[in-house]
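Bear in mind the structure is a predicted one, so any value in this text is a computation, not a measurement. Side-chain atoms are counted along with the backbone in the values below, which use heavy atoms only and exclude waters and symmetry mates. Letters A, B, ... mirror the listed sequences (proteins, then strands); counts begin at 1.
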Number of protein chains: 2
Amino acid sequence: MNHRHPAPLDRLTRPEQKARTRQALLDAALSLMEQRSLSSIGLREVTRAAGVTPTAFYRHFPDVDSLGVALVDECLGSLRATIRTVRDGLSSSDEVINRSIGILTRQVHDHREHFRFIARERHGGVPAVRAAIAEQLDLFAAELATDLAGDKLLGGPQFDRWIATDLRMVTSLIVNHMVWTAAALLDAPPDSADAEARVVDAASRQLRLIVLGARHWATED
Amino acid sequence: MNHRHPAPLDRLTRPEQKARTRQALLDAALSLMEQRSLSSIGLREVTRAAGVTPTAFYRHFPDVDSLGVALVDECLGSLRATIRTVRDGLSSSDEVINRSIGILTRQVHDHREHFRFIARERHGGVPAVRAAIAEQLDLFAAELATDLAGDKLLGGPQFDRWIATDLRMVTSLIVNHMVWTAAALLDAPPDSADAEARVVDAASRQLRLIVLGARHWATED
DNA sequence: TCACTCAGTAAACACCTGTCCACTGAGATG
DNA sequence: CATCTCAGTGGACAGGTGTTTACTGAGTGA
(Lines give C-alpha, C1' and ligand atoms only; values in the text may rest on other atoms or scores of the structure.)
Protein backbone atom coordinates (compact mmCIF):
# COMPACT_ATOMS: atom_id res chain seq x y z
CA MET A 1 0.00 0.00 0.00
CA ASN A 2 1.02 3.55 -0.63
CA HIS A 3 1.44 5.67 2.44
CA ARG A 4 0.01 8.60 0.41
CA HIS A 5 -3.70 9.11 0.30
CA PRO A 6 -5.26 6.37 -1.82
CA ALA A 7 -6.93 7.14 -5.13
CA PRO A 8 -10.05 9.23 -4.39
CA LEU A 9 -13.29 7.62 -5.43
CA ASP A 10 -15.91 10.33 -5.95
CA ARG A 11 -13.87 13.23 -4.58
CA LEU A 12 -11.37 14.75 -6.96
CA THR A 13 -7.73 15.28 -6.19
CA ARG A 14 -6.61 18.90 -6.18
CA PRO A 15 -4.63 19.12 -9.45
CA GLU A 16 -7.45 17.15 -11.09
CA GLN A 17 -10.00 19.71 -9.98
CA LYS A 18 -7.78 22.55 -11.11
CA ALA A 19 -7.29 21.01 -14.53
CA ARG A 20 -11.04 20.48 -14.73
CA THR A 21 -12.02 24.11 -14.23
CA ARG A 22 -9.14 25.19 -16.47
CA GLN A 23 -10.65 23.03 -19.17
CA ALA A 24 -14.07 24.47 -18.39
CA LEU A 25 -12.67 27.96 -18.97
CA LEU A 26 -11.10 26.89 -22.29
CA ASP A 27 -14.30 25.21 -23.44
CA ALA A 28 -16.42 28.17 -22.41
CA ALA A 29 -14.21 30.60 -24.32
CA LEU A 30 -14.22 28.33 -27.36
CA SER A 31 -18.00 28.07 -27.46
CA LEU A 32 -18.35 31.83 -27.00
CA MET A 33 -16.07 32.33 -29.99
CA GLU A 34 -18.44 30.57 -32.34
CA GLN A 35 -20.18 33.87 -32.79
CA ARG A 36 -17.62 36.47 -31.78
CA SER A 37 -13.88 37.03 -31.79
CA LEU A 38 -11.42 36.60 -28.95
CA SER A 39 -10.66 40.25 -28.32
CA SER A 40 -14.35 41.00 -27.94
CA ILE A 41 -15.16 38.42 -25.26
CA GLY A 42 -14.71 39.48 -21.69
CA LEU A 43 -13.14 37.81 -18.72
CA ARG A 44 -16.42 37.86 -16.81
CA GLU A 45 -18.23 36.41 -19.78
CA VAL A 46 -15.92 33.42 -19.86
CA THR A 47 -16.14 32.74 -16.15
CA ARG A 48 -19.93 33.07 -16.24
CA ALA A 49 -20.15 30.49 -19.01
CA ALA A 50 -17.73 28.23 -17.14
CA GLY A 51 -19.68 28.51 -13.91
CA VAL A 52 -17.00 30.07 -11.75
CA THR A 53 -16.31 33.42 -10.14
CA PRO A 54 -14.54 36.13 -12.20
CA THR A 55 -11.63 36.18 -9.79
CA ALA A 56 -11.11 32.44 -10.15
CA PHE A 57 -9.95 33.16 -13.69
CA TYR A 58 -6.68 34.61 -12.43
CA ARG A 59 -5.73 31.28 -10.86
CA HIS A 60 -5.29 29.93 -14.40
CA PHE A 61 -4.50 32.80 -16.77
CA PRO A 62 -3.30 36.38 -16.28
CA ASP A 63 -5.72 37.62 -18.95
CA VAL A 64 -7.93 36.49 -21.82
CA ASP A 65 -5.14 36.79 -24.36
CA SER A 66 -3.10 34.16 -22.53
CA LEU A 67 -6.12 31.88 -22.54
CA GLY A 68 -6.16 32.35 -26.30
CA VAL A 69 -2.56 31.17 -26.60
CA ALA A 70 -3.41 28.11 -24.53
CA LEU A 71 -6.34 27.45 -26.87
CA VAL A 72 -4.00 27.49 -29.86
CA ASP A 73 -1.89 24.79 -28.25
CA GLU A 74 -4.96 22.72 -27.49
CA CYS A 75 -6.39 23.02 -30.98
CA LEU A 76 -3.35 22.70 -33.22
CA GLY A 77 -1.28 20.56 -30.89
CA SER A 78 -3.83 17.79 -30.86
CA LEU A 79 -4.50 18.18 -34.57
CA ARG A 80 -0.80 17.84 -35.29
CA ALA A 81 -0.66 14.59 -33.33
CA THR A 82 -3.71 13.28 -35.15
CA ILE A 83 -2.34 14.12 -38.57
CA ARG A 84 0.97 12.52 -37.73
CA THR A 85 -0.59 9.20 -36.84
CA VAL A 86 -2.93 9.32 -39.82
CA ARG A 87 -0.15 10.13 -42.26
CA ASP A 88 1.90 7.16 -41.16
CA GLY A 89 -0.92 4.83 -42.08
CA LEU A 90 -1.26 6.12 -45.62
CA SER A 91 0.14 4.34 -48.62
CA SER A 92 1.74 6.35 -51.39
CA SER A 93 -0.83 6.78 -54.08
CA ASP A 94 -2.65 9.44 -56.01
CA GLU A 95 -5.67 8.86 -53.81
CA VAL A 96 -3.76 10.43 -50.95
CA ILE A 97 -5.11 13.76 -52.10
CA ASN A 98 -8.77 12.87 -51.91
CA ARG A 99 -8.15 11.02 -48.68
CA SER A 100 -6.44 14.06 -47.16
CA ILE A 101 -9.38 16.30 -47.95
CA GLY A 102 -11.73 13.66 -46.61
CA ILE A 103 -9.81 13.42 -43.36
CA LEU A 104 -9.78 17.18 -43.06
CA THR A 105 -13.53 17.30 -43.61
CA ARG A 106 -14.05 14.73 -40.91
CA GLN A 107 -11.81 16.63 -38.51
CA VAL A 108 -13.69 19.84 -39.19
CA HIS A 109 -16.94 18.08 -38.41
CA ASP A 110 -15.62 16.61 -35.19
CA HIS A 111 -13.84 19.72 -33.95
CA ARG A 112 -15.82 22.50 -35.55
CA GLU A 113 -15.12 25.01 -32.77
CA HIS A 114 -11.38 24.39 -32.91
CA PHE A 115 -11.10 25.15 -36.60
CA ARG A 116 -13.38 28.14 -36.29
CA PHE A 117 -11.11 29.52 -33.61
CA ILE A 118 -7.97 29.02 -35.70
CA ALA A 119 -9.48 30.56 -38.83
CA ARG A 120 -10.87 33.49 -36.85
CA GLU A 121 -7.79 34.34 -34.85
CA ARG A 122 -5.12 33.57 -37.40
CA HIS A 123 -5.12 37.19 -38.50
CA GLY A 124 -7.18 38.38 -35.54
CA GLY A 125 -6.62 41.19 -33.11
CA VAL A 126 -4.41 39.44 -30.56
CA PRO A 127 -0.71 39.48 -31.54
CA ALA A 128 0.31 36.70 -29.14
CA VAL A 129 -2.36 34.37 -30.51
CA ARG A 130 -1.44 35.22 -34.10
CA ALA A 131 2.19 34.41 -33.36
CA ALA A 132 1.28 31.10 -31.72
CA ILE A 133 -0.85 30.05 -34.68
CA ALA A 134 1.82 31.07 -37.17
CA GLU A 135 4.37 29.04 -35.25
CA GLN A 136 2.20 25.93 -35.24
CA LEU A 137 1.39 26.23 -38.94
CA ASP A 138 5.08 26.61 -39.67
CA LEU A 139 5.64 23.35 -37.83
CA PHE A 140 2.97 21.74 -39.98
CA ALA A 141 4.74 22.91 -43.12
CA ALA A 142 8.12 21.76 -41.83
CA GLU A 143 6.89 18.28 -40.93
CA LEU A 144 5.14 17.92 -44.24
CA ALA A 145 8.37 18.93 -45.96
CA THR A 146 10.41 16.22 -44.24
CA ASP A 147 7.72 13.67 -45.01
CA LEU A 148 7.68 14.61 -48.68
CA ALA A 149 11.47 14.60 -48.88
CA GLY A 150 11.39 11.11 -47.40
CA ASP A 151 9.15 10.14 -50.33
CA LYS A 152 6.53 8.88 -47.94
CA LEU A 153 3.79 10.51 -49.97
CA LEU A 154 2.54 11.41 -53.40
CA GLY A 155 5.06 9.23 -55.24
CA GLY A 156 4.96 11.41 -58.31
CA PRO A 157 7.24 14.39 -57.73
CA GLN A 158 10.79 13.52 -56.73
CA PHE A 159 10.75 15.78 -53.71
CA ASP A 160 13.98 14.33 -52.39
CA ARG A 161 15.88 16.14 -55.13
CA TRP A 162 14.28 19.52 -54.44
CA ILE A 163 16.08 22.37 -52.77
CA ALA A 164 14.86 23.22 -49.30
CA THR A 165 13.30 26.61 -50.10
CA ASP A 166 11.20 25.21 -52.93
CA LEU A 167 10.07 22.38 -50.73
CA ARG A 168 8.95 24.76 -48.01
CA MET A 169 7.34 26.95 -50.65
CA VAL A 170 5.05 24.14 -51.77
CA THR A 171 4.34 22.75 -48.29
CA SER A 172 3.37 26.17 -46.96
CA LEU A 173 1.08 26.52 -49.96
CA ILE A 174 -0.50 23.20 -49.10
CA VAL A 175 -0.87 24.10 -45.41
CA ASN A 176 -2.45 27.42 -46.29
CA HIS A 177 -4.79 25.67 -48.66
CA MET A 178 -5.72 23.32 -45.85
CA VAL A 179 -6.56 26.18 -43.52
CA TRP A 180 -8.53 27.96 -46.21
CA THR A 181 -10.45 24.76 -47.00
CA ALA A 182 -11.32 24.32 -43.35
CA ALA A 183 -12.62 27.88 -43.23
CA ALA A 184 -14.65 27.31 -46.38
CA LEU A 185 -16.17 24.18 -44.85
CA LEU A 186 -17.14 26.20 -41.78
CA ASP A 187 -18.71 28.94 -43.88
CA ALA A 188 -20.78 26.41 -45.79
CA PRO A 189 -24.16 25.90 -44.13
CA PRO A 190 -24.07 22.74 -41.98
CA ASP A 191 -27.53 21.64 -43.06
CA SER A 192 -26.73 21.59 -46.76
CA ALA A 193 -24.67 18.54 -47.64
CA ASP A 194 -24.66 19.74 -51.23
CA ALA A 195 -22.81 22.96 -50.50
CA GLU A 196 -20.23 21.06 -48.51
CA ALA A 197 -19.77 18.55 -51.32
CA ARG A 198 -18.99 21.40 -53.72
CA VAL A 199 -16.39 22.80 -51.35
CA VAL A 200 -14.80 19.38 -50.94
CA ASP A 201 -14.77 18.82 -54.70
CA ALA A 202 -13.19 22.19 -55.42
CA ALA A 203 -10.60 21.70 -52.69
CA SER A 204 -9.65 18.29 -54.06
CA ARG A 205 -9.18 19.69 -57.54
CA GLN A 206 -7.10 22.56 -56.23
CA LEU A 207 -4.85 20.25 -54.27
CA ARG A 208 -4.51 18.00 -57.32
CA LEU A 209 -3.58 21.04 -59.40
CA ILE A 210 -0.92 22.00 -56.89
CA VAL A 211 0.56 18.51 -56.89
CA LEU A 212 0.42 18.53 -60.69
CA GLY A 213 2.36 21.77 -60.71
CA ALA A 214 4.89 20.27 -58.32
CA ARG A 215 5.27 17.22 -60.54
CA HIS A 216 6.37 19.45 -63.42
CA TRP A 217 8.31 21.91 -61.30
CA ALA A 218 11.71 20.20 -61.50
CA THR A 219 11.68 20.26 -65.30
CA GLU A 220 11.65 24.05 -65.20
CA ASP A 221 14.24 26.51 -63.89
CA MET B 1 -26.47 82.47 -63.22
CA ASN B 2 -28.10 79.90 -61.01
CA HIS B 3 -30.79 81.20 -58.72
CA ARG B 4 -29.69 78.60 -56.14
CA HIS B 5 -27.01 79.47 -53.71
CA PRO B 6 -23.72 79.66 -55.60
CA ALA B 7 -20.91 77.21 -54.94
CA PRO B 8 -19.66 77.83 -51.39
CA LEU B 9 -16.04 78.94 -51.12
CA ASP B 10 -14.76 78.10 -47.66
CA ARG B 11 -18.08 76.93 -46.23
CA LEU B 12 -19.07 73.38 -47.05
CA THR B 13 -22.39 72.34 -48.50
CA ARG B 14 -24.49 70.09 -46.34
CA PRO B 15 -24.09 66.69 -48.08
CA GLU B 16 -20.39 67.48 -48.45
CA GLN B 17 -20.05 67.96 -44.72
CA LYS B 18 -22.02 64.81 -44.03
CA ALA B 19 -19.83 62.78 -46.37
CA ARG B 20 -16.78 64.27 -44.69
CA THR B 21 -17.66 63.14 -41.17
CA ARG B 22 -18.82 59.81 -42.52
CA GLN B 23 -15.37 59.37 -44.00
CA ALA B 24 -13.84 60.47 -40.71
CA LEU B 25 -15.76 57.70 -38.98
CA LEU B 26 -14.60 55.13 -41.51
CA ASP B 27 -10.98 56.26 -41.25
CA ALA B 28 -11.10 56.30 -37.47
CA ALA B 29 -12.47 52.77 -37.33
CA LEU B 30 -9.87 51.59 -39.84
CA SER B 31 -6.97 53.01 -37.88
CA LEU B 32 -8.32 51.55 -34.65
CA MET B 33 -8.44 48.15 -36.30
CA GLU B 34 -4.71 48.09 -36.87
CA GLN B 35 -4.35 46.67 -33.41
CA ARG B 36 -7.76 45.18 -32.63
CA SER B 37 -10.67 43.53 -34.35
CA LEU B 38 -13.97 45.06 -35.43
CA SER B 39 -16.20 43.39 -32.87
CA SER B 40 -13.99 44.64 -30.06
CA ILE B 41 -14.01 48.33 -30.93
CA GLY B 42 -16.79 50.38 -29.48
CA LEU B 43 -19.08 52.99 -30.96
CA ARG B 44 -17.81 55.64 -28.57
CA GLU B 45 -14.23 54.73 -29.37
CA VAL B 46 -14.81 55.38 -33.05
CA THR B 47 -16.57 58.69 -32.53
CA ARG B 48 -13.87 59.82 -30.10
CA ALA B 49 -11.16 59.08 -32.68
CA ALA B 50 -13.22 60.83 -35.37
CA GLY B 51 -13.78 63.90 -33.21
CA VAL B 52 -17.57 63.77 -33.01
CA THR B 53 -20.20 63.03 -30.40
CA PRO B 54 -21.26 59.40 -29.82
CA THR B 55 -24.82 60.17 -30.87
CA ALA B 56 -23.65 61.64 -34.15
CA PHE B 57 -22.68 58.12 -35.15
CA TYR B 58 -26.33 57.15 -35.61
CA ARG B 59 -26.76 59.74 -38.35
CA HIS B 60 -24.53 57.55 -40.54
CA PHE B 61 -24.75 53.95 -39.37
CA PRO B 62 -27.19 52.04 -37.16
CA ASP B 63 -24.31 50.21 -35.44
CA VAL B 64 -20.62 49.37 -35.74
CA ASP B 65 -21.29 46.24 -37.77
CA SER B 66 -22.89 48.28 -40.55
CA LEU B 67 -19.87 50.54 -40.57
CA GLY B 68 -17.82 47.40 -41.11
CA VAL B 69 -19.85 46.47 -44.17
CA ALA B 70 -19.33 49.97 -45.57
CA LEU B 71 -15.61 49.54 -44.96
CA VAL B 72 -15.58 46.36 -47.02
CA ASP B 73 -17.07 48.23 -49.94
CA GLU B 74 -14.54 51.00 -49.57
CA CYS B 75 -11.57 48.65 -49.38
CA LEU B 76 -12.36 45.99 -51.94
CA GLY B 77 -14.47 48.15 -54.24
CA SER B 78 -11.62 50.53 -54.90
CA LEU B 79 -9.12 47.68 -55.14
CA ARG B 80 -11.28 45.96 -57.72
CA ALA B 81 -11.34 49.09 -59.86
CA THR B 82 -7.57 49.47 -59.54
CA ILE B 83 -6.88 45.88 -60.53
CA ARG B 84 -9.20 46.13 -63.49
CA THR B 85 -7.39 49.12 -64.94
CA VAL B 86 -4.00 47.60 -64.22
CA ARG B 87 -4.89 44.27 -65.80
CA ASP B 88 -5.96 45.90 -69.05
CA GLY B 89 -2.50 47.42 -69.43
CA LEU B 90 -0.69 44.11 -69.10
CA SER B 91 0.66 42.16 -72.03
CA SER B 92 0.40 38.41 -72.04
CA SER B 93 3.71 37.02 -70.90
CA ASP B 94 5.19 34.83 -68.25
CA GLU B 95 6.32 37.93 -66.43
CA VAL B 96 2.69 38.66 -65.61
CA ILE B 97 3.11 36.53 -62.52
CA ASN B 98 6.01 38.46 -61.04
CA ARG B 99 4.35 41.71 -62.04
CA SER B 100 1.12 40.73 -60.30
CA ILE B 101 2.91 40.00 -57.06
CA GLY B 102 4.80 43.27 -57.41
CA ILE B 103 1.61 45.23 -57.90
CA LEU B 104 0.04 43.50 -54.94
CA THR B 105 3.07 44.36 -52.81
CA ARG B 106 2.80 47.99 -53.81
CA GLN B 107 -0.91 48.08 -53.07
CA VAL B 108 -0.31 46.57 -49.65
CA HIS B 109 2.26 49.25 -48.95
CA ASP B 110 -0.04 52.04 -50.06
CA HIS B 111 -3.20 50.77 -48.38
CA ARG B 112 -1.82 48.81 -45.46
CA GLU B 113 -4.85 49.43 -43.24
CA HIS B 114 -7.28 48.27 -45.93
CA PHE B 115 -5.62 44.90 -46.39
CA ARG B 116 -5.23 44.43 -42.66
CA PHE B 117 -8.93 44.98 -42.25
CA ILE B 118 -9.82 42.47 -44.96
CA ALA B 119 -7.45 39.80 -43.65
CA ARG B 120 -8.65 40.33 -40.09
CA GLU B 121 -12.37 40.33 -40.72
CA ARG B 122 -12.55 37.77 -43.50
CA HIS B 123 -13.23 35.06 -40.95
CA GLY B 124 -13.88 37.49 -38.11
CA GLY B 125 -16.71 37.72 -35.66
CA VAL B 126 -19.18 39.82 -37.67
CA PRO B 127 -21.32 37.70 -40.03
CA ALA B 128 -22.45 40.62 -42.19
CA VAL B 129 -18.86 41.71 -42.78
CA ARG B 130 -17.77 38.16 -43.53
CA ALA B 131 -20.56 37.84 -46.08
CA ALA B 132 -19.65 41.15 -47.72
CA ILE B 133 -15.99 40.16 -48.04
CA ALA B 134 -16.87 36.72 -49.40
CA GLU B 135 -19.11 38.36 -51.99
CA GLN B 136 -16.40 40.74 -53.14
CA LEU B 137 -13.78 38.01 -53.35
CA ASP B 138 -16.19 35.91 -55.36
CA LEU B 139 -16.47 38.83 -57.77
CA PHE B 140 -12.69 38.94 -58.00
CA ALA B 141 -12.59 35.25 -58.88
CA ALA B 142 -15.39 35.62 -61.44
CA GLU B 143 -13.76 38.56 -63.21
CA LEU B 144 -10.42 36.80 -63.28
CA ALA B 145 -12.15 33.77 -64.78
CA THR B 146 -13.66 35.76 -67.65
CA ASP B 147 -10.32 37.44 -68.28
CA LEU B 148 -8.52 34.11 -68.41
CA ALA B 149 -11.17 32.59 -70.66
CA GLY B 150 -10.71 35.58 -72.98
CA ASP B 151 -7.02 34.63 -73.15
CA LYS B 152 -6.04 38.07 -72.00
CA LEU B 153 -3.45 36.63 -69.66
CA LEU B 154 -0.86 33.97 -69.10
CA GLY B 155 -0.86 32.74 -72.70
CA GLY B 156 0.21 29.25 -71.70
CA PRO B 157 -2.87 27.35 -70.56
CA GLN B 158 -5.75 27.27 -73.02
CA PHE B 159 -8.28 28.49 -70.51
CA ASP B 160 -10.89 29.10 -73.19
CA ARG B 161 -11.34 25.35 -73.54
CA TRP B 162 -11.79 24.75 -69.81
CA ILE B 163 -15.10 23.92 -68.23
CA ALA B 164 -16.51 26.64 -66.00
CA THR B 165 -16.14 24.84 -62.67
CA ASP B 166 -12.47 24.09 -63.22
CA LEU B 167 -11.89 27.69 -64.24
CA ARG B 168 -13.50 28.99 -61.07
CA MET B 169 -11.58 26.39 -59.09
CA VAL B 170 -8.25 27.78 -60.24
CA THR B 171 -9.23 31.46 -60.05
CA SER B 172 -10.54 31.09 -56.51
CA LEU B 173 -7.27 29.40 -55.63
CA ILE B 174 -5.39 32.36 -57.09
CA VAL B 175 -7.57 34.89 -55.28
CA ASN B 176 -7.12 33.07 -52.00
CA HIS B 177 -3.41 32.96 -52.60
CA MET B 178 -3.51 36.70 -53.19
CA VAL B 179 -5.28 37.36 -49.89
CA TRP B 180 -2.93 35.06 -48.04
CA THR B 181 0.08 36.77 -49.62
CA ALA B 182 -1.22 40.17 -48.55
CA ALA B 183 -1.64 38.90 -44.99
CA ALA B 184 1.88 37.48 -45.04
CA LEU B 185 3.22 40.83 -46.21
CA LEU B 186 1.42 42.52 -43.34
CA ASP B 187 2.80 40.06 -40.82
CA ALA B 188 6.33 40.60 -42.06
CA PRO B 189 8.03 43.39 -40.09
CA PRO B 190 7.84 46.65 -42.07
CA ASP B 191 11.40 47.64 -41.19
CA SER B 192 12.99 44.50 -42.60
CA ALA B 193 13.09 44.63 -46.39
CA ASP B 194 14.73 41.22 -46.34
CA ALA B 195 11.78 39.47 -44.72
CA GLU B 196 9.44 41.06 -47.21
CA ALA B 197 11.64 39.99 -50.10
CA ARG B 198 11.43 36.39 -48.92
CA VAL B 199 7.64 36.56 -48.76
CA VAL B 200 7.50 38.05 -52.25
CA ASP B 201 9.85 35.42 -53.62
CA ALA B 202 7.90 32.54 -52.08
CA ALA B 203 4.60 33.97 -53.31
CA SER B 204 5.92 34.33 -56.85
CA ARG B 205 7.10 30.74 -56.88
CA GLN B 206 3.79 29.52 -55.52
CA LEU B 207 1.84 31.41 -58.14
CA ARG B 208 4.15 30.07 -60.82
CA LEU B 209 3.60 26.55 -59.54
CA ILE B 210 -0.15 27.06 -59.70
CA VAL B 211 0.02 28.31 -63.27
CA LEU B 212 2.32 25.40 -64.12
CA GLY B 213 -0.26 23.02 -62.72
CA ALA B 214 -2.96 24.72 -64.77
CA ARG B 215 -0.84 24.41 -67.89
CA HIS B 216 -0.80 20.62 -67.51
CA TRP B 217 -4.34 20.32 -66.19
CA ALA B 218 -6.07 19.74 -69.51
CA THR B 219 -3.91 16.72 -70.29
CA GLU B 220 -5.31 14.96 -67.22
CA ASP B 221 -8.86 13.90 -66.40
C1' DT C 1 -4.43 14.75 14.12
C1' DC C 2 -3.14 19.47 12.99
C1' DA C 3 -1.19 23.13 10.53
C1' DC C 4 -0.73 24.55 5.79
C1' DT C 5 -1.63 25.36 0.83
C1' DC C 6 -4.24 27.37 -2.51
C1' DA C 7 -8.49 26.98 -5.89
C1' DG C 8 -12.49 29.36 -5.65
C1' DT C 9 -15.67 32.99 -3.23
C1' DA C 10 -17.88 37.57 -2.20
C1' DA C 11 -18.12 42.41 -2.21
C1' DA C 12 -16.71 46.63 -3.58
C1' DC C 13 -13.90 50.01 -6.71
C1' DA C 14 -13.74 53.30 -10.49
C1' DC C 15 -14.54 53.26 -15.24
C1' DC C 16 -16.47 52.54 -19.80
C1' DT C 17 -20.21 51.12 -22.66
C1' DG C 18 -24.67 51.68 -25.98
C1' DT C 19 -28.77 54.16 -26.32
C1' DC C 20 -32.43 57.57 -25.33
C1' DC C 21 -33.93 62.42 -25.05
C1' DA C 22 -34.53 67.32 -25.93
C1' DC C 23 -31.84 70.75 -27.95
C1' DT C 24 -29.02 73.92 -31.16
C1' DG C 25 -27.82 76.26 -35.23
C1' DA C 26 -25.90 76.39 -39.87
C1' DG C 27 -27.36 75.23 -44.64
C1' DA C 28 -31.23 74.65 -47.79
C1' DT C 29 -35.85 76.13 -49.74
C1' DG C 30 -39.62 79.01 -51.56
C1' DC D 1 -36.96 87.49 -46.10
C1' DA D 2 -39.07 83.69 -42.99
C1' DT D 3 -39.30 78.81 -42.66
C1' DC D 4 -37.90 74.21 -42.51
C1' DT D 5 -34.42 70.33 -42.38
C1' DC D 6 -31.37 67.66 -40.10
C1' DA D 7 -26.18 66.78 -38.83
C1' DG D 8 -24.20 67.22 -34.63
C1' DT D 9 -24.52 68.45 -29.32
C1' DG D 10 -24.71 67.46 -24.31
C1' DG D 11 -26.55 65.16 -20.47
C1' DA D 12 -28.42 61.40 -18.28
C1' DC D 13 -29.66 56.41 -17.86
C1' DA D 14 -28.97 51.44 -16.53
C1' DG D 15 -25.80 48.00 -16.99
C1' DG D 16 -21.46 45.74 -17.88
C1' DT D 17 -16.31 45.72 -17.44
C1' DG D 18 -11.38 44.40 -15.29
C1' DT D 19 -9.02 44.31 -11.04
C1' DT D 20 -8.20 44.62 -5.97
C1' DT D 21 -8.75 43.04 -1.36
C1' DA D 22 -9.96 39.98 2.39
C1' DC D 23 -12.18 35.56 3.09
C1' DT D 24 -13.45 30.42 3.18
C1' DG D 25 -12.83 25.62 3.29
C1' DA D 26 -11.64 21.23 1.11
C1' DG D 27 -7.43 18.49 -0.21
C1' DT D 28 -2.73 17.60 1.50
C1' DG D 29 1.63 16.09 3.99
C1' DA D 30 4.27 15.27 8.21
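- Within residues 26-45 of chain B, the residues approaching DNA chain D are B:Arg44, by heavy-atom distance under 4.0 Å.
- Shown here are the salt bridge (charged side-chain N to carboxylate O under 4.0 Å, His left out) partners of B:Asp201, two or more places apart in sequence or in another chain: B:Arg205.
- Pairs engaging residues 42-70 of chain B under the ring-ring contact (aromatic ring centres under 6.0 Å, His included) rule: B:Phe57-B:Phe61 [sequence neighbours left out].
- Between A:Gln17 and the phosphate of C:dG8, there is a side-chain N or O to OP1/OP2 separation shorter than 4.0 Å.
- Judged as a salt bridge (charged side-chain N to carboxylate O under 4.0 Å, His left out), the pairs with a partner in residues 21-42 of chain B (not counting sequence neighbours) are, in order, B:Arg36-B:Glu45.
- Contacts between residues 125-132 of chain A and DNA chain C, defined by a heavy-atom separation below 4.0 Å, involve no residue at all.
- Remark: B:Arg14 is not in phosphate contact with D:dG8, judged by side-chain N or O atoms under 4.0 Å from OP1 or OP2.
- A sub-4.0 Å separation between OP1 or OP2 of C:dG8 and a side-chain N or O of A:Thr21 is present.
- Whole-Å rounding puts the A:Gln23 CD to C:dA7 C1' distance at 17 Å.
- Listed by chain and residue number, B:Leu30, B:Glu74, B:Cys75, B:His111 satisfy the side chain to side chain contact (heavy atoms under 4.5 Å, CB included) test with B:His114 (two or more places apart in sequence, or in another chain).
- Here A:Asp194 pairs with A:Arg198 under the salt bridge (charged side-chain N to carboxylate O under 4.0 Å, His left out) rule; sequence neighbours left out.
- Side-chain atoms of B:Arg120 and A:Arg130, non-hydrogen and from C-beta on, do get closer than 4.5 Å to each other.
- Within 4.0 Å of A:Arg20, counting heavy atoms only, lies no atom of the nucleic acid at all.
- For DNA chain D, the neighbouring residues in residues 51-65 of chain A, judged by any heavy atom under 4.0 Å, are A:Thr55, A:Tyr58.
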Start with the C-alpha gap between A:Arg168 and A:Thr171, add the side-chain angles, then the distance that decides, and say whether side chain to side chain contact (heavy atoms under 4.5 Å, CB included) holds.
CA-CA 5 Å; A:Arg168 280 301 287 270; A:Thr171 55; 3.9 Å; yes
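- To the nearest 0.5 Å, atom CG of residue A:Asp138 and atom CD1 of residue A:Ile133 are 12.5 Å apart.
- Looking at residues two or more places apart in sequence or on another chain, you find a side chain to side chain contact (heavy atoms under 4.5 Å, CB included) between B:Pro62 and B:Ser66.
- Although no hydrogens or angles enter the test, the distance criterion places a donor-acceptor pair under 3.5 Å between the side chain of B:Thr47 and the main chain of B:Arg44.
- With sequence neighbours left out, the salt bridge (charged side-chain N to carboxylate O under 4.0 Å, His left out) criterion links B:Arg80 to B:Glu143.
- Helix-axis bend for the helix from C:dT1-D:dA30 to C:dA12-D:dT19: the local axis fitted to the five terminal pairs at one end deviates from that at the other end by 10°, rounded to 10°.
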Could you pull out all donor-acceptor pairs under 3.5 Å where a side-chain atom in residues 175-184 of chain B meets a protein atom, sequence neighbours excluded?
unit_1   : atom_1 : unit_2   : atom_2 : d
B:Asn176 : OD1    : A:Trp180 : NE1    : 2.6
B:Asn176 : OD1    : B:Arg122 : NH1    : 3.0
B:Asn176 : OD1    : B:Arg122 : NH2    : 2.6
B:Asn176 : ND2    : B:Ser172 : O      : 2.9
B:His177 : NE2    : B:Gln206 : OE1    : 2.9
B:Trp180 : NE1    : A:Asn176 : OD1    : 2.6
B:Thr181 : OG1    : B:His177 : O      : 2.7

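- The residue among B:Pro15 and B:Arg48 whose nearest nucleotide of DNA chain C lies closer to the 5′ end is B:Arg48.
- Rounded to a whole Å, the CD atom of A:Glu16 is 18 Å from the P atom of D:dA26.
- Under a cut-off of 6.0 angstrom, the local environment of CD in A:Gln35 is sparse, with at most 12 non-hydrogen atoms contributed by other residues, nucleotides or ligands.
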